[in-house]
Amino acid sequence: MNEKYEPKAIETKWQERWEAQKLFKTDNEGAGEAFYLLEMFPYPSGKLHMGHVRNYSIGDVAARFLRMNGKNVLHPMGWDAFGLPAENAAIKNGVRPDLWTHANIDEMRAQLKTLGFSYDWDREIAMCDPEVYRWTQWIFVQFFKAGLAYKKKNPVNWCPDCETVLANEQVVDGRCERCGTEVGKRDLDQWYLAITKYAQRLLDDIDAKLGGWPDNVKLMQKNWIGRSTGAEVDFPVEGFGEKLRIFTTRPDTLYGVTYMVLAPEHPFVGPLTDGTEYAPQVAVFKDKLQYLNDIDRASTTLEKEGLFIGRYAVNPLNGARVPIYIANYVLMDYGTGAIMAVPAHDERDFEFARKYDLPVVPVVDPGNPELDLNNLTAAFVAEGTMVNSGPFDGLNNKDAIREITAYVEKQGFGQATVNFRLRDWLISRQRYWGTPIPMIHCETCGWVPEKEENLPVLLPEDVQFTGKGQSPLTTSKSFRETVCPVCGGPAEREVDTMDTFLDSSWYFLRYTDARNDERIFSDAAVRKWMPVDQYIGGVEHAILHLLYARFFTKFLYDIGYAPTDEPFTNLLTQGMVIKDGKKMSKSIGNVVSPEEIIAKYGADTARLFILFASPPEKELDWSDAGVEGSHRFLARVWRLCKAALDDAGGASPAPTPADCRGGILPPADDDAARALRFALHATIKKVTGDIGERYQFNTAISAIMELVNAAYKYKEADGNAALLREVCETLILLLAPFTPHLCEEMWEAYGHEESVLLAAWPAYDPAALEVDTQEIALQVNGKVRGKAVVPAGLDAQALAAHAQELPEVRALLEGKDVVKIVGVPGRLVNIVVKG
RNA sequence: GCCGGCGUGGCGGAAUUGGCAGACGCGCCGGACUCAAAAUCCGGUGAUGGCGACAUCGUAUCGGUUCGACCCCGAUCGCCGGUACCA
C-alpha cells in the first residue's frame with residue numbers, strides 16, 4: 001500500500017479491471033435469490049448533474065450490498081433517449097438527432113463509469129434504438145387491438161413554444177412542463193390511450209399492492225386520479241325536448257337547488273338561446289372567455305361571472321322552477337359540464353348567488369343556535385340534519401345522500417355515478433424525435449395498425465426541421481405514402497410521434513431480456529425478474545411516470561405478457577440536491593459539477609459525501625467543506641488500514657476473513673480488546689440494518705466513522721496488531737458498497753485475489769455483543785440525576801429491585817418519600833418521589 | 001382554499017418510534033508535532049450561572065396526557081411539497 005491515499009490511480013485501475021472481468025454482468029440463470037434493483041434512467045443531456053450522482057450512488061450502494069449478501073442482482077442502465085433537446089439541436093445547428101443523442105450517451109456513459117457504478121452494461125438500452133422502439137410500437141398496436149387506443153378531435157393543450165400538444169399531466173400551473181410557456185387550446189385530431197378504463201384499478205391497487213411506496217406518493221396519485229362519488233340527475237328544461245344532465249357529489253342538497261349553471265361551451269347553450277333575445281349577450285360572454293388563457297380561467301381567485309340565458313329548468317324532486325345560467329366557473333371537461341347550484345351548501349354557488357341576487361335555500365341544519373340559517377353569511381358545508389327537504393327532513397345528511405340517490409334512481413330521475421378527475425392520455429406529439437405511431441390511414445379501411453411483422457416503422461431521414469407547428473414527418477413523402485395493410489390500396493402513415501412518456505412506461509421490462517430480437521421479452525426472463533424489487537428516483541415523477549408505468553404494466557399483464565400488474569414493489573424517492581437553500585440550477589448559478597468534484601477528490605469521496613450528508617429521501621444541502629471532510633475521512637481510513645497491515649506483518653500469508661475472525665491469529669482478550677470487538681460487531685449489526693432495511697446510508701456511514709475512531713484509540717494505546725488487522729479487514733467490507741475503489745485497493749493489499757464485491761458481507765457475532773454489566777441512567781421524577789453500573793439482562797422488575805440497593809440511589813433518595821420505581825432494562829431507572 | 005410533510009446547537013443532521021436530546025461530520029477554540037506553515041494526532045465545543053464536582057433552562061409557540069414527551073393529543077405560528085372554480 002502507498003503511504004498516501006491517491007484516488008486517481010486507484011479508481012482508474014479498478015474501473016478497468018471491473019470492466020475487463022465483466023464483474024457486474026448479471027446472468028438470468030445466475031445463482032442466488034433474484035433481486036431487481038433499478039434507478040430511473042436519465043435523459044441523455046450529455047452531462048451528469050448532482051441529482052444523477054445522488055440517485056445512482058444510492059442505487060449502487062444497495063446493489064453492491066445485495067451482491068455481497070449473495071443476491072443475484074439485476075442492476076441495469078439505459079437512456080430515455082427520445083425528446084425535444086435533440087430535435088432543437090437539429091433545428092438550430094442542423095445536427096442529426098440520432099448522432100447528437102448518441103454522442104451524449106457516450107459522454108454520459110463514460111461519466112457513469114468514472115463513478116464506479118456497478119451496472120450490467122450488456123443490458124444497456126436506448127429508447128431511440130429501432131430495435132427498442134419497435135416494441136414501443138408493438139405495445140401501441142396491442143393497445144389499439146384492445147380498443148384502448150383511439151383517435152379523437154378535441155380541444156387540446158397546445159404549447160406554442162414547443163409547437164406540440166401536451167397531456168393534461170404535462171401542463172403544470174397552466175404552463176408547459178418542459179419549457180414553461182403558457183399553454184393554450186387547439187382543436188386537433190389526436191391519439192389517446194384510455195387510461196381512464198384503468199382508473200379504478202389504479203386507485204384500488206395503491207392501497208392493495210403498494211405497501212412499499214412512500215405515503216406522499218400514494219396520496220398524490222390518489223388525488224390525481226381523483227375519484228368522486230355522487231349522482232347524475234336529469235333536470236327537464238321548460239320548452240325544450242332534452243333533459244339537462246348534471247353531476248353532483250351532494251345529492252342530499254337536491255332540495256336546495258336555486259339555479260342551474262352550464263359551462264359556456266355546453267352543447268345545449270346554442271339550442272337554448274339561438275334566435276332568442278339572449279343570443280347576442282351569450283355570444284359576447286363566450287367571446288370574452290375565449291380571451292382568457294387557461295391560467296386565469298382556472299384560477300379560484302377569478303371573480304365568478306355568469307349570464308342568465310332566459311330559460312328555466314324544473315327540479316324533478318320538488319317541481320321548483322329554477323333559472324339557467326352560463327358561468328365561467330363551470331368547466332366543460334368535468335362531469336357533464338353542467339351543475340345544479342346549491343348556494344346554501346357550496347362556497348362557489350354561494351359567492352355567485354350573492355353577486356346575482358339569487359335565493360339561498362338551506363337544506364342541511366348544522367344544529368348550531370348561533371347560526372341563523374335564513375341569513376347565512378357563508379355556505380355551510382359540514383354535516384347536519386336535513387330540513388326543507390320534504391320526506392327526507394330529519395335525516396342526517398350523510399344518510400340522506402344514500403336515501404335521496406336511491407329515490408332518484410327509483411323514480412328514474414338519474415343514477416348513482418362515479419367521476420374521475422383523471423383524463424385519457426393524449427399521446428400524439430407533432431415532433432420528429434420520438435417513436436412513430438405505427439398507424440396507417442386508408443380511405444376505405446380507416447385507421448389500421450402496421451402489421452406487427454413490419455415493425456419497426458422507422459423514423460425517416462429525409463425530413464426538414466422547420467420548427468413550425470406540424471410534425472417534421474409530414475415533410476417526408478417516402479414515409480407518408482404507403483399501402484394499406486388490410487386492402488393493399490394507397491394509404492397514408494400517421495405523421496405524429498408518441499409522447500416520450502410511453503418509452504419510460506415499459507423500459508424496465510426490456511432490461512430483463514434486452515437483446516431479444518423476436519419478442520418484447522421472453523416469458524422466462526420477465527418472470528425471473530419482475531416486479532422491480534426496489535425502484536429509486538426523484539419525487540418529481542410521483543405522478544406522471546409512475547402512474548403511466550403502472551398503467552402499462554397492468555395492460556401488459558391483462559394481455560398475458562407481464563407476470564404482475566404492478567411494476568415496482570418498493571419505491572424510494574430521493575430528495576433534491578440544493579445549494580445555499582436553492583435548487584442547483586444554471587440560472588441561479590449555484591451548480592457544482594460532478595466532474596470537478598471527481599477530478600479534485602475522486603469518485604469515492606463524491607459518493608461518500610452525497611450519501612453521508614443527508615438521508616436519501618430528504619433534500620441534500622451541498623457543502624464544499626463537507627466534501628473535504630469526507631475526503632479526509634477516507635484518507636484516515638487508508639492510513640489506519642495501512643498501519644494495521646504493516647504492524648500485523650503485511651499481507652503474506654494472506655489470511656482469509658474467517659481466519660481473522662476465527663482466530664488463527666494470536667488472541668487478544670483484555671478489556672480494551674473486548675471493547676473494540678464489541679464496537680466492531682455492533683457496527684456490523686448497525687450498518688447491515690441501516691443499508692439493508694432502513695436505506696439510511698448517512699447513519700451507516702457515521703457508524704463506520706465511529707468504528708474508525710475506536711480503532712485509532714485502540715491503536716494509540718498499543719493494542720494488539722492482529723485484532724486491529726481483523727477490525728480493518730471487516731471495516732473494508734463494510735465500506736465497500738460506499739467507496740468501492742478504495743476498498744478494492746485495500747482488499748487486494750490485504751492479500752485477497754478476488755474482488756471485494758465477491759466477498760461475503762460480514763455477519764456480526766452475537767457472542768461479541770454479550771456483556772456482563774451495563775451502564776444505566778438514574779432518574780428522579782424523570783430527570784437524570786446520575787449513572788450506575790448494573791448487571792446486564794435484568795428485567796424491569798429485577799432492575800427496579802436492584803436499584804434500591806445501589807449506594808448511588810440511596811444517596812439520591814436521602815430524606816425523600818419514594819412512590820414507585822420504574823425500571824427500563826438496559827436504559828434507566830426512574831424513581832418517583834413525593835414533594 | 002383543500003390535502004400532505006416538516007420545524008432539534010453556528011451549519012448538515014442523529015436519537016430504529018414513549019426511556020440518558022444533540023451520535024457522526026462541518027465550523028470554531030485549545031494542545032502536541034514543526035524553524036515555520038500545511039498535513040496529521042489528541043482534547044474541548046447547546047445556553048446561562050459557578051474556580052469547581054454541579055445547578056437551572058433547552059427540540060417553533062402555548063396547553064394537555066404520562067413515572068417519563070423531539071416522539072402521543074389539542075390549539076397557534078412559520079416553511080416546504082402536491083393540487084386547485086373537479087360540482
Side-chain angles (χ1 to χ4, degrees), chain A residues 4 172-174 214-224 226-228 230 246-250 253 261 263 297-304 327-331 333-342 346-349 351-352 419-422 539-540 542-543 575-576 581 608-609 612-615 618-630 632-633 635-636 639 686 689-690 693-694 696 698-706 708-709 712-713 715-716 775-787 819-833:
Chain A
K4 257 189 85 185
V172 178
D173 291 334
D215 289 338
N216 62 332
V217 173
K218 291 196 280 189
L219 194 71
M220 278 158 73
Q221 291 218 349
K222 280 186 197 172
N223 290 341
W224 190 264
R227 180 183 201 265
S228 46
I246 59 93
F247 172 71
T248 179
T249 55
R250 292 292 303 275
T253 62
V261 189
R297 177 73 198 276
S299 161
T300 45
T301 54
L302 182 71
E303 190 172 336
K304 293 177 184 23
N328 59 355
Y329 78 99
V330 174
L331 308 173
D333 63 359
Y334 184 78
T336 61
I339 63 156
M340 63 179 211
V342 187
D346 181 281
E347 283 168 23
R348 295 153 301 178
D349 298 345
E351 187 190 329
F352 191 83
N419 245 299
F420 291 96
R421 210 190 76 114
L422 186 69
V539 72
E540 66 273 18
I543 298 171
M576 277 193 313
L608 186 75
F609 170 72
F612 177 59
S614 182
K618 271 193 75 166
E619 277 186 348
L620 182 143
D621 200 355
W622 186 269
S623 138
D624 293 330
V627 180
E628 196 84 47
S630 291
R632 246 187 337 244
F633 169 70
R636 188 169 149 84
R639 286 191 301 271
K686 163 99 179 137
D690 279 357
E693 284 153 38
R694 302 204 309 154
Q696 295 289 295
N698 55 329
T699 52
I701 293 166
S702 78
I704 294 171
M705 287 172 168
E706 285 181 78
V708 171
N709 291 343
Y712 262 95
K713 273 216 177 84
K715 180 173 165 296
E716 289 302 304
E775 192 187 57
I776 60 160
L778 299 176
Q779 295 185 335
V780 175
N781 289 346
K783 298 201 175 201
V784 180
R785 281 291 179 270
K787 302 273 159 98
V819 179
K820 67 169 168 174
I821 300 182
V822 183
V824 183
R827 298 212 183 254
L828 54 78
V829 166
N830 186 20
I831 303 146
V832 186
V833 299

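Keep in mind the model is a prediction, meaning the values are calculated, not measured. Letters go in sequence order (proteins before strands), and every chain restarts at 1. Just so you know, these numbers use all the heavy atoms, side chains as well, and skip hydrogens, waters and symmetry mates.
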Peer 1: Base, sugar-phosphate or nothing for A:Lys783? Non-hydrogen atoms, less than 4.0 Å.
Peer 2: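 It contacts sugar-phosphate atoms only.
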
Peer 1: If B:G63 has a Watson-Crick or G-U wobble mate with both distances under 3.5 Å, name it; if not, just say none.
Peer 2: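 With both distances under 3.5 Å, B:G63 matches B:C73.
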
Peer 1: By the 4.0 Å heavy-atom rule, please label A:Leu828 as base, sugar-phosphate, or nothing.
Peer 2: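 Base, at least one base heavy atom under 4.0 Å.
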
Peer 1: Scan every strand shown for a Watson-Crick or G-U wobble partner of B:G1, both distances under 3.5 Å, and answer none if you come up empty.
Peer 2: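 By the stated definition (distances under 3.5 Å), B:U83 pairs with B:G1.
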
Peer 1: Who is the Watson-Crick or G-U wobble partner of B:C41, with both distances under 3.5 Å?
Peer 2: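 Per the H-bond distance test, B:G31.
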
Peer 1: Which residues pass the ring-ring contact (aromatic ring centres under 6.0 Å, His included) test with A:Phe352, sequence neighbours left out?
Peer 2: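 Counting only residues at least two positions away or on another chain, A:Phe352 forms a ring-ring contact (aromatic ring centres under 6.0 Å, His included) with A:Tyr259, A:Tyr325, A:Tyr329, A:Tyr356.
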
Peer 1: A:Lys820 has a side chain; which of B:A87, B:C67, B:G19 sits nearest to it?
Peer 2: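 The answer is B:C67, which lies nearest to the side chain.
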
Peer 1: Between A:Ser228 and A:Asn223, which has a closest nucleotide on RNA chain B that is more 5'?
Peer 2: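 Upstream on the strand: A:Asn223.
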
Peer 1: With sugar-phosphate meaning primed atoms plus P, OP1 and OP2, does A:Glu628 contact a base, only sugar-phosphate, or nothing at under 4.0 Å between heavy atoms?
Peer 2: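 Nothing, no heavy atom under 4.0 Å.
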
Peer 1: Can you tell me if the side-chain N/O atoms of A:Arg348 get under 4.0 Å from OP1 or OP2 in B:C86?
Peer 2: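 The answer is yes; a side-chain N or O of A:Arg348 sits under 4.0 Å from OP1 or OP2.
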
Peer 1: In the structure shown, which nucleotide is the Watson-Crick or G-U wobble counterpart of B:G46, with both distances under 3.5 Å?
Peer 2: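 Check on B:G46: paired to B:C57, both distances under 3.5 Å.
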
Peer 1: Which protein N or O atoms sit under 3.5 Å from an N or O of nucleotides 41-43 of chain B?
Peer 2:
residue, atom, partner, partner atom, Å
B:C41, OP1, A:Arg636, NH1, 2.8
B:C41, OP1, A:Arg639, NH2, 3.1

Peer 1: Checking understanding here: a glycosidic angle within 90° of 0 is syn, the rest anti, so what is B:G9?
Peer 2: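 Syn, which is what one calls it when the glycosidic angle falls within 90° of 0.
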
Peer 1: Between A:Arg227 (CZ) and B:A87 (P), how many Å, whole number?
Peer 2: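 These atoms are roughly 13 Å apart.
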
Peer 1: Could you list the protein-to-nucleotides 12-14 of chain B atom pairs, N/O on both sides, closer than 3.5 Å?
Peer 2:
residue, atom, partner, partner atom, Å
B:G12, O2', A:Ala613, O, 2.8
B:A14, OP1, A:Asn698, ND2, 3.2

Peer 1: For B:G52, what is the paired nucleotide under Watson-Crick or G-U wobble rules, both distances under 3.5 Å?
Peer 2: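 Result: none.
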
Peer 1: Check every strand shown and say whether A:Val822 touches a base, only sugar-phosphate, or nothing at a heavy-atom separation below 4.0 Å.
Peer 2: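 Base, at least one base atom sits under 4.0 Å.
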
Peer 1: For A:Gly226, which contact category applies under a 4.0 Å heavy-atom criterion: base, sugar-phosphate, or nothing?
Peer 2: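 Answer is nothing: A:Gly226 stays at 4.0 Å or more from every strand.
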
Peer 1: Looking for any heavy atom pair under 4.0 Å, which part of the strands does A:Ser623 touch: base, sugar-phosphate only, or nothing?
Peer 2: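 The residue A:Ser623 makes no contact with any strand.
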
Peer 1: Taking only the side-chain nitrogens and oxygens of A:Arg785, find out if one of them lies under 4.0 Å from OP1 or OP2 of B:U56.
Peer 2: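 For A:Arg785, the contact criterion (side-chain N or O under 4.0 Å from OP1 or OP2 of B:U56) is met.
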
Peer 1: Applying side chain to side chain contact (heavy atoms under 4.5 Å, CB included) to A:Arg632 and A:Arg636, what does each step give before you reach the verdict?
Peer 2: CA-CA 6 Å; A:Arg632 246 187 337 244; A:Arg636 188 169 149 84; over 6 Å; no

